[in-house]
Amino acid sequence: MNNKVLRLVRPNILNLTPYSTARDEYKGPLGIFLDANENPYPDADGGGFNRYPDPAQREVKALLSEIKGVAADRIFVGNGSDEAIDLAFRVFCEPRTDNAIAIAPSYGMYRVAAAINDVEMREVRLGADFSLDSGAIMAATDEHTRLLFLCSPNNPSGNLFPRGQIAALIDGFPGMVILDEAYTDFAPEGSSFLGDLDRYPNLVVLQTLSKAWGMAGLRLGLGFGAREVIDIFSRVKYPYNVSAAVQGIVAERLRESARVAAQTAEIVSERARVMAALEASPAIATVFPSDANFVLVRTTGNPREMYDKLIAQGIIVRDRSRIPGCEGTLRITVGTPAENDKLLETI
Ligand SMILES: Cc1ncc(COP(=O)(O)O)c(C=O)c1O
C-alpha cells in the first residue's frame with residue numbers, strides 16, 4: 001500500500017481481523033445452504049429475505065462500476081454517505097488525539113461525526129462569497145491532522161470550488177481528503193474528481209444516490225478511493241450494512257439512467273429559471289451561484305418572515321440564517337416546474 005496513506009490508518013484498524021461471514025467463506029454455486037443459521041423457508045412473495053444479503057454488494061458495485069467508470073474494488077457502498085463519513089473518522093482518527101478539518105459553512109454531518117468519534121474538528125471559514133481559503137486550511141493543520149472534508153458543490157452555499165484549488169489542496173494536505181460530491185450530477189461535466197483517483201492515493205470521493213438518482217429513502221452512499229483504502233473501509237463496516245431489499249431495488253433503478261439523466265437536465269434548467277426569477281424579485285437581495293439542486297438566497301427583509309410566509313402557503317424551505325456566514329439566507333431546493341411556479345409566485 002502507498003506508504004503515505006498507510007501511515008494515516010489507526011494501528012488497531014490496520015491490524016483488525018474482520019468478521020468473516022458465511023458468504024465470505026463460501027462463494028461457490030447455489031446449493032443447500034446450511035451455513036448461516038438462516039430460516040430455510042423462502043418468504044411467500046419470493047423476496048429471498050430469509051437469506052442474508054451479499055456483504056460485498058457485488059451486483060450493485062458492478063453496475064456502479066459501469067456507470068461511474070471506476071473499478072468495482074475501488075467502490076465502497078454504505079447506508080448513505082453518512083456511513084462513509086463516520087467510517088473515515090473510525091479508520092483514520094485516534095479519538096482525543098487526532099484532528100480533522102472541515103470548511104464552514106458546509107454539510108453538518110462532518111462536525112457531528114467528529115463529535116461522536118471524540119475527534120477535534122477544526123473549522124475553516126469560507127470567504128464572504130463562499131470561496132475556499134487554501135492558506136487558512138493548510139495553516140490549521142498540525143502533526144495530528146488526519147482528515148480534510150471538502151464539499152463541492154458545497155452545501156448550503158451551492159458553489160463548486162475551482163478544480164485547480166482542490167487539486168493543490170489534495171497534493172499538499174498531510175492527511176486524507178474526503179471530497180463530498182453529493183451534488184456533482186447537477187454540476188458541469190468534468191468537475192468531478194472521480195477520474196483522478198489514480199493521481200491522488202489520499203483522496204476519497206463521496207457521492208450518493210440520494211440526490212440526482214432520487215433514492216434518498218433507500219439510503220445508499222458511495223465512496224471511491226484507492227483500493228487499499230476501500231478495502232479497509234469494507235473491513236470496518238458492519239458486514240451486512242446494506243439490506244437485500246435495498247440492494248435489489250437499487251440494482252433495478254441503476255438500470256434507469258436515461259430517466260435520471262432527463263430529470264437531472266430538467267432540474268438544472270429549472271434551477272436557471274428559478275435563479276433568474278429570484279434575481280428579479282425585490283424580496284431577494286442576493287442569489288448565490290449554484291451548481292447544485294438548490295439555491296441559497298439572501299432576503300432583502302427578515303428571512304424568518306419570508307420563511308413563515310412561505311410555510312403559510314404550504315411551501316417549506318430551509319432557514320440557514322443562523323449559520324455563521326449565512327446570515328439572512330434561506331436555502332431553496334429546486335422542485336418540479338409547477339412547484340417552482342408556486343414558490344416564485346409566492347415570493
Ligand atoms: C453534502 C452532502 N453530503 C451528504 C449528504 C447525505 O447524503 P446521504 O443521503 O447519502 O447520506 C447530504 C445531504 O443533504 C449533503 O448535503
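Start at 1 with the first residue, then count along the sequence. Atoms within a ligand are numbered from 1 in the order they appear, just like the ligands themselves.
The six-membered or imidazole ring of Phe288 lies near that of Phe130, with a centre-to-centre distance under 6.0 Å. Residues Tyr107 and Tyr110 place their aromatic rings such that the two centres sit under 6.0 Å apart.
Among Val9, Val229, Leu203, the one residue that satisfies the side-chain contact (heavy atoms from CB on, under 4.5 Å) test with Met176 is Val229.
Judged by the shortest distance from any of its heavy atoms, Met109 lies outside the 4.0 Å radius around the atoms of ligand 1. Taking 4.0 Å as the cut-off, Glu83 does not count as a neighbour of ligand 1 on heavy-atom distance. In this structure, Ala216 does not count as a contact residue of ligand 1, since none of its heavy atoms falls inside 4.0 Å of the ligand.
Of the N or O atoms in Asp180, one or more lie within a sub-3.5 Å distance of an N or O in ligand 1. Residue Tyr107 places no N or O, backbone or side chain, under 3.5 Å from any N or O of ligand 1.
Across Ser281 and Ile347, no two heavy atoms sit closer than the pair OG-CG2, 3.7 Å. When all heavy atoms of Arg298 and Gly325 are compared, the pair lying nearest together is NH2-O, 3.8 Å. Here the shortest heavy-atom pairing between Gln313 and Lys342 reads O-NZ, 3.1 Å.
For ligand 1, the atoms closer than 4.0 angstrom to any heavy atom of Arg219 are 8 (P), 9 (O), 11 (O). Here is the list of ligand 1 atoms found below 4.0 Å of a heavy atom in Cys151: 1 (C). Ligand 1 places these atoms under 4.0 Å from at least one heavy atom of Thr208: 7 (O), 8 (P), 9 (O), 10 (O). Less than 4.0 angstrom separates some heavy atom of Tyr183 from each of these atoms of ligand 1: 1 (C), 13 (C), 14 (O), 15 (C), 16 (O).
Annotation: cation-pi geometry not satisfied between Arg271 and Phe186 (NZ/CZ under 6.0 angstrom from ring centroid, within 45° of ring axis).
Given atom 9 (O) of ligand 1, the protein heavy atom at minimum distance is Ser210 OG, 2.6 Å. Nearest to atom 7 (O) of ligand 1 among the protein's heavy atoms is Ser81 OG, 3.4 Å. Annotation: atom 14 (O) of ligand 1 to nearest protein heavy atom, Lys211 NZ, 2.8 Å.
When heavy-atom distances to ligand 1 are checked against a 4.0 Å cut-off, Ala182 comes that close only through its side chain, counted from C-beta outward.
Within the 3.5 Å criterion, the main-chain N or O of Pro239 finds a donor-acceptor partner in the side chain of Lys237.
Hydrophobic clustering, with ILVMFWY side chains joined whenever heavy atoms are under 4.5 angstrom apart, groups Phe294 together with Val334.
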